[in-house]
Amino acid sequence: MRRDPAPRVASRHREGGRVVVWLLVAVLLVAAGGVGAWYAGALDRFLCEGGRCSATDVAPPSGLDLPQARDADPVLEPAQGPGLDRAKVEAAVAGLLDARSLGPHVGFAVRDLSSEQDVYSYAEGAPPLVPASTLKLFTSAAALASVGPSTRFATTVRQVDAPSASASASPSATPAPTAPAQLVLVGGGDPLLVTRPETGAAAPYPRGRATLRDLARRTVAQLRDQGVTQVSLTFDDTLFTGPGDSPDWEPQYVAGDLATTVSALWTDEGLLGDDGRRSRDPALDASRTFARLLGQQGITVTGEPARRQAPTGSTEVAAVQGPTVEQIVQHTLESSDNEAAEVLLRQVAVAEGRPATFEGGAAAVRAVLTGLGVPWDGNTVVDGSGLSRDNRVTAASMLTLLGLAGAAPTATEDPQLEAMRGVVSGLPVAGFSGSLGNRFTASSTDAGLGLVRAKTGTLTGVHALAGVTVDADGTPMAFVAMVDQVAVPQTLAARAQLDRITSALTACACSAAAAEPAP
C-alpha cells in the first residue's frame with residue numbers, strides 16, 4: 001500500500017488500525033477459499049494438475065510461416081550406464097525422505113531400467129497409499145495394451161429410414177419425404193470430441209480433433225443428396241453403462257463442476273461455456289448442439305433430441321474419428337485430464353468384454369496389467385482418474401508398471417508391452433510441459449529440470465510423482481514417490497520436497513563402479 005507522504009498524526013493510528021483489520025479479513029477470506037478449494041479437490045487445477053500452464057502454451061508471434069515439423073533423429077544412444085548401486089541411491093535420498101513436510105506415510109521406490117531390477121524401497125511393507133492422479137498411469141497403460149495405441153473412436157450419425165438404392169435409382173426428381181428422416185447420433189466414446197476446432201499456435205494437443213461441426217457438415221451433404229431437408233434427431237450413448245458419477249467420489253466433484261458425468265457421447269468434455277459450468281447430461285447437450293449445427297446448414301430438426309439405441313439395420317450417414325489412443329494417453333498424462341481418463345477406463349472394459357462401468361473398467365484394468373506381470377496385492381482401484389480417495393496402490397505395483405513401460409525393447413517383445421511405451425513417452429517433462437510445466441523452479445531442483453519425466457498426483461493431503469529419469473552416470477531409472485498424510489499447511493512444501501527428491505536422484509552418481517579390467 002502506498003503511504004501518504006505527509007500523514008496527519010491524529011489520524012495515523014486510526015488509519016493503521018483499519019489497514020490491519022482489512023488485511024486480516026483478506027487473509028481469512030483467502031485462507032477459507034483455499035481450504036474450500038482443497039477440500040473440493042480443486043488444488044490439482046490451481047497447481048496446473050489439469051490446467052494449461054506449460055511454457056509450451058505460449059504462442060509464437062503472429063505472421064510466422066513455420067515449416068512442417070519432422071521427426072528428429074536421435075542425438076544420443078539410449079542411456080544404459082553400469083547399473084545402480086543401492087547404497088548410493090539410499091544415500092542420495094534418505095535424508096530428504098524424512099522431511100517433516102511429507103508427513104508420516106511415505107512410499108518411495110527405485111528401479112534400475114538398465115538391469116530391470118528394483119534397487120531401493122523406503123519403508124518397504126508400509127500400507128498402500130492413495131495414488132491421486134498417478135492412477136492414470138494404470139488406466140493409460142491398460143488402454144494402450146488392450147485397446148491399442150493406433151485405435152481411434154468414431155462418432156457417427158445413423159439413419160433409420162434411409163432410402164434404398166433402388167428407390168433413388170430413378171433419374172426423375174426425388175419427391176419430398178412425407179415425414180422427417182430419423183437420425184441417431186451415436187457416441188463411440190471419443191473423449192476429445194469438440195464442437196469446433198481450435199486453430200493456430202494455441203490449439204491444444206492433439207491437434208485435428210474430431211468436431212461436431214464437421215460431422216454436421218458431412219451429414220448435411222448426404223441428406224441433400226437424398227433431397228432431405230427435415231429430420232428428427234435422437235441420440236445413442238449406450239456404449240457405456242452404469243452411473244456416470246462415481247459413488248466413490250466426493251459429492252461436490254460433479255455438483256461443483258469439478259468433474260463431468262462420464263458419457264460415451266459428449267462434446268468439449270461436457271463443458272457448457274468458458275465459465276467452467278459442466279453438463280449434467282452431456283449426451284443430451286451434445287445432441288442439442290448437433291441439432292443447432294444442422295439447423296445452421298439448412299436442415300430443420302423437429303422436436304427435442306431424445307435417447308434411443310440405434311436400431312439394427314440403420315444406415316451410417318456420416319462419421320468422424322478422433323485422435324489415436326496413444327495421442328489421447330499423452331494428452332491425459334500431460335494435462336492430468338480426469339474426464340479423458342474415465343472414458344479410457346470404460347474403453348478398456350469394452351475391449352476386454354466387460355460392462356463399461358466404473359466397476360467393469362477397474363476389473364478390466366486389473367486383468368490387463370496383472371496379465372503383463374504387474375503385482376496387485378494391496379491395490380484397490382475404483383475409478384480411472386484417481387479422484388477417489390478409496391483408491392490404494394503400492395509403490396511396488398506402480399514401479400513395476402513403469403519398469404515394464406520403460407524397459408529397453410527386445411527383438412521378441414510382447415506387442416502389449418511395446419504399446420505400453422506410450423506411457424513413458426507421454427509423461428510431462430520437468431519444467432517444460434503439462435502438469436510439470438511450472439515445477440522444478442528452485443535452484444535445489446536444477447538437476448531434474450528437463451530430465452525428470454513424471455506423472456503428478458494431487459489431492460488434499462496427497463502428493464505424488466511417478467516416472468523416469470537418468471542419473472549422472474547415464475543409468476536410466478524409474479521411481480515412485482507418494483505421500484498421503486500431508487498436513488494442509490505443508491502442501492506446497494511437500495510438493496517442492498518431491499521435486500528435490502527426484503532431482504537428487506538425477507544429480508546422483510548412483511551407478512555401480514565399473515569393474516576393473518583384468519591385468
Side-chain angles (χ1 to χ4, degrees), residues 50 139 143 147 151-158 183-198 204 206 208-216 219 233-246 249 253-294 304-310 318-323 325 327-329 331-332 335-350 356-358 361 383-385 387:
T139 309
V147 183
T151 299
R152 299 175 185 267
F153 306 124
T155 307
T156 61
V157 175
R158 304 191 70 83
L183 299 184
V184 186
L185 178 63
V186 183
D190 176 5
L192 301 185
L193 179 71
V194 293
T195 301
R196 292 177 175 83
E198 291 190 52
R209 301 182 184 189
T211 71
L212 275 184
R213 185 172 69 177
D214 191 28
L215 184 61
T219 301
L233 180 65
T234 54
F235 61 93
D236 183 347
D237 60 350
T238 58
L239 179 65
F240 300 164
T241 57
D245 303 345
S246 171
W249 289 349
Y253 284 166
V254 174
D257 291 325
L258 297 175
T260 301
T261 297
V262 184
S263 175
L265 173 62
W266 65 27
T267 184
D268 306 315
E269 293 193 335
L271 288 169
L272 298 177
D274 295 332
D275 58 0
R277 291 178 301 113
R278 293 180 181 271
S279 172
R280 298 296 180 265
D281 191 340
L284 174 60
D285 284 326
S287 301
R288 288 170 173 166
T289 299
F290 186 67
R292 186 176 70 252
L293 292 170
L294 291 177
E304 173 79 351
R307 273 186 174 78
R308 175 190 190 183
Q309 187 167 8
V320 289
Q321 288 192 326
V325 167
Q327 290 173 316
I328 295 171
V329 162
H331 160 83
T332 301
S335 61
S336 201
D337 189 327
N338 295 321
E339 283 68 36
E342 295 300 347
V343 170
L344 285 176
L345 182 81
R346 282 161 172 74
Q347 293 288 11
V348 176
V350 172
T357 62
F358 283 102
D383 65 17
S385 61
L387 279 175

So do the side chains of [X] and [Y] get within less than 4.5 Å of each other, counting heavy atoms only?
X    : Y    : answer
T260 : P282 : yes
L185 : R158 : no
T211 : V320 : no
Q309 : D236 : yes
F153 : V343 : no
P206 : H331 : yes
T155 : L265 : yes

Determine whether L192 and E269 satisfy the following criterion, side chain to side chain contact (heavy atoms under 4.5 Å, CB included), listing intermediate values before the conclusion. CA-CA 7 Å; L192 301 185; E269 293 193 335; 3.8 Å; yes
Are T261 and D245 close enough that a side-chain donor and a side-chain acceptor fall under 3.5 Å?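 There is such a pair (donor and acceptor under 3.5 Å, judged by atom type) between the side chains of T261 and D245.
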Mark yes or no for whether R152, through its side chain, and G322, through its backbone, hold a donor-acceptor pair below 3.5 Å.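 A pair under 3.5 Å: yes.
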Does NZ or CZ of R346 lie under 6.0 Å from the centre of the six-membered ring of F358, at an angle within 45° of the ring axis?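 The answer is yes, since R346 meets both limits relative to F358.
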Supply the atom-to-atom distance L215 CG to L294 CG, rounded to the nearest 0.5 angstrom.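 Separation between the atoms: 8.0 Å.
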Using 4.0 Å as the upper bound for N to carboxylate O, is an ion pair formed by D268 and R278?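 Salt bridge absent between R278 and D268.
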Would you mind telling me which of T238, T234, D237 makes a side chain to side chain donor-acceptor pair (under 3.5 Å) with R307?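 Only one of T238, T234, D237 forms a side chain to side chain donor-acceptor pair (under 3.5 Å) with R307, namely D237.
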